[in-house]
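What you see below is based on every heavy atom in this structure, not just the backbone, and it leaves out hydrogens, waters and symmetry mates. Just so we're clear, the structure is a prediction, and the values are computed from it rather than from any experiment. Just follow the structure's listing: the first ligand is 1, and inside any ligand the first atom is 1.
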Amino acid sequence: MSKKLFIETLGCQMNVRDSEHMIAELNAKEPYEITTNSEEADLIIIHTCAVRERPVHKLFSELGAFNKKKKAGAKIGVAGCTASHLGKDIIKRAPYVNFVLGARNVSKIAEVVDRDKAVEIDIDYDESDFAFKDFRSSSFKAFINISIGCDKSCTFCIVPKTRGDEISIPADLIVNEAKKAVAAGAKEIFLLGQNVNNYGRRFSGEHSKVNFTELLRQISKVAGVERIRFTSPHPLHMDDEFIEEFANNPKICKSMHVPLQSGSTDILKAMKRGYSQEWFLNRIEKLRAMAPGVSISTDIIVGFPGESDADFDETMKVAKEVQFEQMFSFKYSPRPLTEAAEFDNAIDGEIASERLHRLQEYQDSVVDNVMQGQVGKVFDVYFEELRADGHVSGRSSNNFLVKVKGSEELLGRIFNVKITDSARMSLTGEILA
Ligand code: 5AD
Ligand code: SF4
């Protein structure tokens with residue numbers, strides 16, 4: 001009988017893909033069956049995120065709960081960014097943890113699982129040309145990592161300390177992954193990296209120089225690839241060549257994540273983001289002009305140290321001007337090992353909460369408007385999920401979640417859908433004959 005694996009994945013899409021890689025490597029050693037019930041698992045992995053403080057606190061209470069209810073002899077491992085960051089301290093605080101596996105050490109999973117109290121968290125470990133075994137949780141959409149680590153030094157962000165320096169994965173490996181995914185039935189390729197449009201700046205060995213725009217061209221030429229998405233690009237590296245390829249290549253889905261972080265040029269400087277409000281707005285203007293119908297999403301941090309009322313007003317101003325189709329907004333959370341954690345001009349927590357509330361309330365009204373404005377339009381929808389209520393759902397190229405009445409024969413296919421109704425999170429429509 002095969003062993004059972006429970007794996008909880010927190011954080012970003014890179015973690016989602018890293019979890020798939022862990023499952024693939026474990027399975028190559030001995031067969032595992034995935035379970036959603038930790039109590040029957042032989043192996044429990046918590047795949048952590050370190051980007052904000054709250055999930056880190058939660059980790060230890062969760063570990064305690066898993067440990068109490070686990071099957072006799074079951075092992076518990078902690079993986080991901082908090083594993084990189086806290087390392088052996090995790091085992092000090094929770095001595096029943098069997099192993100700690102940092103982000104960027106994922107390829108060692110099959111080995112550490114049998115080495116009690118193993119701690120593998122080297123952020124210089126280079127697995128950029130490691131050929132992982134195959135495992136995908138979706139047959140429709142294939143996540144493919146294009147780089148490891150992050151070379152930026154945003155003063156709020158712990159990621160360079162948990163994922164290390166940025167190294168691009170060789171283009172031929174990526175293209176090969178895309179070919180395998182297509183052969184297995186995927187129409188959509190989702191490229192992942194901390195900073196995707198910085199692709200190609202550094203490889204670990206001798207590799208042909210390919211930048212992100214060229215990589216997009218290469219992927220779009222793979223027979224069977226119908227859609228390409230990617231995350232996250234950095235506003236600083238959105239040169240004209242990149243925006244033009246994004247707009248003109250029909251295989252690239254017309255949704256772009258452009259993380260603003262703050263609308264105030266002064267705060268952007270303190271964050272070391274490398275661009276100004278003007279540059280950001282100029283890039284958005286170019287995107288909207290070149291790719292009509294594009295959806296733009298963003299990330300915003302409020303209450304960064306030193307953020308004055310006037311600075312926050314600049315963030316509100318950009319939100320009003322851009323009308324983001326989607327926004328992820330967070331209250332600043334000081335993180336260890338970051339520059340901003342040492343700043344002495346923290347913002348009062350209540351003021352930050354009030355600003356976050358104001359921003360989110362405004363953004364909700366934008367989203368309501370955006371969603372209502374889609375009624376009557378026609379979108380190409382790639383159907384991926386069967387829902388319990390007799391509907392099938394998928395994403396339009398510009399990333400709206402669209403539902404139609406139907407059953408599994410729609411799955412894995414792209415149809416034109418006329419939108420008949422809207423809600424805040426999704427659209428409803430009818431397939432056009
Ligand atoms: N506090 C709050 N939000 C943060 N993010 C990154 N670091 C912090 C922090 N210290 C947010 C950024 C990033 C997203 C993934 O998380 O907006 O884009
Ligand atoms: Fe979280 Fe960032 Fe690590 Fe992703 S890279 S898991 S968002 S800390």
Side-chain angles (χ1 to χ4, degrees), residues 9-18 47-59 80-82 84-86 103 147 149-163 166 192-198 230-238 255-264 267-268 270-275 277 280 283-284 296-307 311-312 314-316 318-319 322 324 326-349 351-357 359-360 363:
T9 305
L10 307 164
C12 61
Q13 311 267 42
M14 303 239 16
N15 267 17
V16 173
R17 182 60 182 146
D18 289 348
H47 196 174
T48 59
C49 173
V51 85
R52 279 171 293 276
E53 195 179 6
R54 200 180 307 165
V56 179
H57 278 314
K58 246 183 60 190
L59 170 66
C81 287
T82 302
S84 309
H85 164 218
L86 296 179
S147 58
C150 179
D151 263 1
K152 295 278 174 229
S153 40
C154 301
T155 55
F156 53 79
C157 189
I158 195 173
V159 174
K161 300 289 192 299
T162 64
R163 288 187 177 268
E166 190 171 317
L192 297 175
Q194 293 305 323
N195 202 352
V196 286
N197 51 342
N198 198 34
F230 51 82
T231 206
S232 295
H234 192 293
L236 181 65
H237 303 298
M238 291 199 175
S255 102
M256 182 96 88
H257 188 61
V258 199
L260 170 65
Q261 310 301 359
S262 169
S264 154
I267 295 294
L268 288 170
M271 290 174 162
K272 293 203 176 151
R273 290 288 290 171
Y275 55 87
Q277 183 198 89
F280 185 91
R283 295 295 85 188
I284 299 291
I296 301 178
S297 58
T298 199
D299 288 344
I300 287 179
I301 297 175
V302 304
F304 186 77
E307 184 187 73
D311 289 318
F312 178 67
E314 294 297 298
T315 298
M316 288 297 290
V318 176
V322 176
F324 294 103
Q326 202 178 10
M327 180 189 287
F328 304 92
S329 50
F330 315 97
K331 189 164 138 177
Y332 169 70
S333 162
R335 307 302 298 122
L337 312 174
T338 63
E339 261 187 74
E342 308 299 320
F343 293 176
D344 58 5
N345 48 355
I347 297 302
D348 177 83
I351 294 180
S353 298
E354 188 274 326
R355 287 178 186 163
L356 183 63
H357 179 73
L359 178 65
Q360 290 181 339
Q363 182 59 24

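Each of the atoms 12 (C), 13 (C), 17 (O), 18 (O) of ligand 1 lies under 4.0 Å from some heavy atom of Gln261. Counting the atoms of ligand 1 from 1 in the order shown, those under 4.0 Å from a heavy atom of Phe330 are 3 (N), 11 (C), 14 (C), 16 (O), 17 (O). Atoms of ligand 1 found under 4.0 Å from any heavy atom of Ser333 (numbered from 1 in listed order, with element): 1 (N), 2 (C), 9 (C), 10 (N). Heavy-atom proximity to Arg335, at under 4.0 Å, picks out these atoms of ligand 1: 10 (N).
In this structure a side-chain-to-backbone donor-acceptor pair under 3.5 Å is missing from Asn197 to Pro233. In terms of modelled atom types and a separation under 3.5 Å, the side chain of Thr298 and the main chain of Leu260 share a donor-acceptor contact. Between the side chain of Gln277 and the backbone N or O of Gly263 there is at least one donor-acceptor pair closer than 3.5 Å. Between the side chain of Gln194 and the main chain of Pro160, no donor-acceptor pair closer than 3.5 Å is present.
Note: an N/O pair closer than 3.5 Å links Phe156 and ligand 1 by distance alone. Geometrically, ligand 1 and Tyr332 share no nitrogen or oxygen pair separated by less than 3.5 Å.
Residue Ile301 touches ligand 1 through its side chain alone, judged by heavy-atom distances below 4.0 Å. Of the heavy atoms in Pro259, none comes closer than 4.0 Å to ligand 1.
Applying the side-chain hydrogen bond (donor to acceptor under 3.5 Å, both in side chains) test to His237 and every residue at least two apart in sequence or in another chain returns Lys152. With sequence neighbours excluded, the residues satisfying side chain to side chain contact (heavy atoms under 4.5 Å, CB included) with Ala270 are Phe304.
Pairing each heavy atom of Pro235 with each of Pro259, the nearest pair is CG-O, 3.3 Å.
Residue contact annotation: Lys331 has a non-hydrogen atom under 4.0 Å from ligand 1.
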